[in-house]
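Beneath this line is the structure, given in structure tokens, with notes to follow.
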2 protein chains.
Amino acid sequence: MHNNQKKIASELNPNVSVDCVIFGFDLEQLTVLVIDRGEISAANGPRLALPGNLIYDNENLDQAASRVLEELTGLSNIYLEQVGAFGDPFRIHKESDREWLKSIRAQPDARVITVAYFSLVKISDYLPHASSFAKNAGWAPVNEISELAFDHFEILQAAKDKLKQKIKIQPIGFNLLPEKFTLSQLHRLYESILDKPLDKRNFRRKIQKLNILSNLKEKQRGVPHKPSSLYEFNEEKYQELTQMGFDNFGF
Amino acid sequence: MHNNQKKIASELNPNVSVDCVIFGFDLEQLTVLVIDRGEISAANGPRLALPGNLIYDNENLDQAASRVLEELTGLSNIYLEQVGAFGDPFRIHKESDREWLKSIRAQPDARVITVAYFSLVKISDYLPHASSFAKNAGWAPVNEISELAFDHFEILQAAKDKLKQKIKIQPIGFNLLPEKFTLSQLHRLYESILDKPLDKRNFRRKIQKLNILSNLKEKQRGVPHKPSSLYEFNEEKYQELTQMGFDNFGF
DNA sequence: AGTCTTTGTGTCATTTTTACACTATCCAAA
DNA sequence: TTTGGATAGTGTAAAAATGACACAAAGACT
């Protein structure tokens, strides 16, 4: 082993941050967790931003993203994937953003490169509540967001694209659904991620063929229409599949 | 417009670097441009590394990658794509790497996050020559590389994966070939990127169906076998295709 | 003239994809 | 209790894509 791993002080690195695009699904549409910075001095600009923060010098990037996610939502062990690095020198150019940084950063004018992550959470696991840091955080439908602080809108776009691409290749969508879900819910999820309609019967056929769903002998209750049967995701089958070199859903 | 874009001094940012995985294709196999650091003091470790350097504070990440690429090869206007950010706090832990950094960096112990890019170069455009910085740079077959400085081997792996994935979706492989090429060369290129054999006839059928090749009325000369006809990549057709929402080669 | 090497080509069986419409089941309201 | 409203659930046929497979043609060299 190497014996030269110096203890590195746990200080914030003023030049590198992580930002998290935390996706949820409210069974209708894809949502994203944004924080509301409130009114920012005189300058007017977007109030909403993605959660993010500077990294510590003793944590790696994945850890930093997990930490930010957990600080905001209390959730750990969440699906996380890197989207990429964003480092335009002028990504912090809006007056409102600069004002805000002055109030939260020791070196508000430092050049910061940010590494974006996206994560998938079951929306029921995190219902933003009025206490804590999360008092000004909430789920917003992805499609209704038109501007965000800094370059966060661009980051959101990149995260959506990455998710769209990734879901064609791996069944990560299950991270967004409750343990028990219906095929219609899954269907709507895929439609909202891929942003296009998918034929119901063809979708069901394709999903079923993957053999990663268990049909629970249980039905929805209390819905004002024919109740749907509930399914759960079968992780075992999924592991089998991935190990055999599976890589295409082909939606 | 915003008038608050302060002039930022053109200084090296001690915390962020870019590393480039520059792919080439020698008509036999996929290669990558590596630099040879020579013998490094007493410590023994990998001599080879990917080209890379700290970024300047007035350039964005893409620009930094282009600059590094151009400084090494003299080439500009090259296909470049971000692979991702690598930021393990201990990515600089090998003794040999630390020694080397002492000789080239003002702050050799700084924690550095690196952003990796991959680029595709026509190998004939850059024949490493004995002069300049490139005197210790050269093309190495990707499959023969087993270790590299820092976390560069991991970066190379990630770049290969990204290329593999990307080439299934867009015909970027043409960036690696000469202007005029044969279908067999293209075939070998795909096989070496995807790292598996592809049936000759099926490959040709699939490529032809894309309609992005122009069959030049010209044949190979001087080869000791039946000469192949030469093709060129038809950018116009390709643009048409991408705009119509094309996204799957499906190899 | 013969040998070596690589090019270039077609078909058939199987699988995958696409497009498409009606009945079943539950709740709620009349 | 009947009816209307809403969503669940299901099959088929045509078209397209895939995968497997073998041999003649063209040139260089001896």
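The analysis underlying the following values was restricted to heavy atoms, covering all of them including side chains, and did not include hydrogens, waters or symmetry mates. This structure is a prediction, so every number in the text was calculated from the model and none was measured. Chain identifiers are assigned alphabetically (A, B, ...) following the order of the sequence lines, protein sequences preceding nucleic acid strands; residue numbering begins at 1 within each chain.
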For nucleotides 23-30 of chain D, give me every protein contact, N/O to N/O, under 3.5 Å, one pair per line with atom names.
unit_1	atom_1	unit_2	atom_2	d
D:dA26	N3	B:K226	N	3.2
D:dG27	N2	B:P224	O	3.1

Would you check if the side chain of B:H187 reaches a backbone N or O of B:L198 as a donor-acceptor pair within less than 3.5 Å? yes

Presence of [X] side-chain N/O under 4.0 Å of [N] phosphate oxygens OP1/OP2:
X      : N     : value
B:R204 : C:dG8 : yes
A:S229 : D:dA8 : no
B:S184 : C:dT6 : no
A:S228 : D:dG9 : yes

Whole-Å distance separating the NZ atom of B:K206 from the P atom of C:dT16: 13 Å

Nearest-Å distance for atom pair CG/C1', residues B:L230 and C:dT7: 12 Å

Parallel, tilted or perpendicular for A:F118 and A:Y79, by the 30°/60° rule? tilted

Would you state whether a donor and an acceptor, one from the side chain of B:R201 and one from the base of D:dA22, lie under 3.5 Å apart? yes

Whether the side chain of A:R205 and the base of C:dT18 hold a donor-acceptor pair under 3.5 Å is what I'd like checked. yes

Might you confirm whether atom CD of B:E179 has over 12 heavy atoms from other residues, nucleotides or ligands at distances under 6.0 Å? no

